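See below for the structure under consideration.
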Amino acid sequence: MTISYDDFAKIDIRVGTIVAVDPFPEARKPAYKLTVDFGGDIGTRRSSAQITALYPAESLIGRQILAVVNFPPKRIGPFTSEVLCLGVPDADGAVVLVGPERAVPNGGQLY
């Protein structure tokens, strides 16, 4: 399936810095509750992320990631996820986070 550039432009993908990581014991699959700072007009948003296989919680603080910020909030058990953090699977299917290869200002939009 192909999409037009206008379709792609509707997806708002921004860079943010993880500022807090909390356990999410109620999740069906191992996950963290992340707080991500997107700066400026977006501010901080929360997300559930199944990234425990490769990332100890303390290694995530200060890490920049890419996330879709214009999806509607999604209820995941007792938690509301406000953004979708982006990742790709490694050879074993564990999620590898996607982020810029060097530090950039929070809130920068992927294009």
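The structure displayed is predicted, hence computed values, not measured ones.
R75 places a side-chain N or O within donor-acceptor distance of the main-chain N or O of G77, the cut-off being under 3.5 Å. Looking only at distances, no side-chain donor or acceptor of D90 sits under 3.5 Å from a matching main-chain atom of V95.
Taking OG1 of T80 as the reference point, atom CZ of R45 lies at 13.0 Å (rounded to 0.5 Å). The CZ atom of F71 sits 10.5 Å away from the CG atom of D12 when rounded to the nearest 0.5 Å. Atoms OG and NZ, from S47 and K74 in turn, are 10.5 Å apart once rounded to the nearest 0.5 Å. Y111 contributes atom OH, which lies 9.5 Å from atom OH of Y5 (distance to the nearest 0.5 angstrom). Between the CD atom in E82 and the CZ atom in F38 there is a gap of 9.5 Å [rounded to 0.5 Å]. The line from CZ of F79 to CD of E26 is 10.0 Å long, rounded to the nearest 0.5 Å.
For the side-chain contact (heavy atoms from CB on, under 4.5 Å) test with L34, the passing option among I61, D22, I18 is I18; the others fail.
The two atoms that bring D7 and I3 nearest to each other are OD2-CB, 3.5 Å, heavy atoms only. Shown here for I42 and V69, the closest heavy-atom pair between the two residues is CD1-CG2, 4.1 Å. Annotation for S81 and I76: closest pair CB-CD1, 3.8 Å, computed over non-hydrogen atoms. Nearest heavy-atom pair across V98 and G87 is CG2-CA, 3.7 Å. Of all the heavy atoms in P56 and S59, the pair that sits closest is O-OG, 2.7 Å. Nearest heavy-atom pair, I51 versus Y32, reported as atom, atom and distance to 0.1 Å: CG1-CD1, 3.7 Å.
A chain of hydrophobic side-chain contacts below 4.5 Å, direct or via other Ile, Leu, Val, Met, Phe, Trp or Tyr residues, connects L66 to V68. Cluster annotation: V21 is connected to L84 through the hydrophobic network of ILVMFWY side chains, with a link wherever side-chain heavy atoms come within less than 4.5 Å. A continuous path of hydrophobic side-chain contacts links F8 to M1 [ILVMFWY only; heavy atoms under 4.5 Å].
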Open item on the list: Under the criterion side-chain contact (heavy atoms from CB on, under 4.5 Å), I'd like the reasoning laid out for L54 against V96: C-alpha separation, chi angles, the key distance, then a yes or no.
Closed with: CA-CA 7 Å; L54 297 180; V96 176; 3.6 Å; yes
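Within the 4.5 Å cutoff, no side-chain heavy atoms of I13 are placed close to those of Q109.
The number of heavy-atom neighbours closer than 6.0 Å to CZ of R28, taken from other residues, nucleotides and ligands shown, is 12 or below.
Defined by atom type and a distance below 3.5 Å, a donor-acceptor pair is present between the side-chain atoms of N106 and T17.
Ion pair D41/R14 not flagged as a salt bridge, since none of the NZ, NE, NH1 or NH2 atoms sits closer than 4.0 Å to an Asp/Glu carboxylate oxygen.
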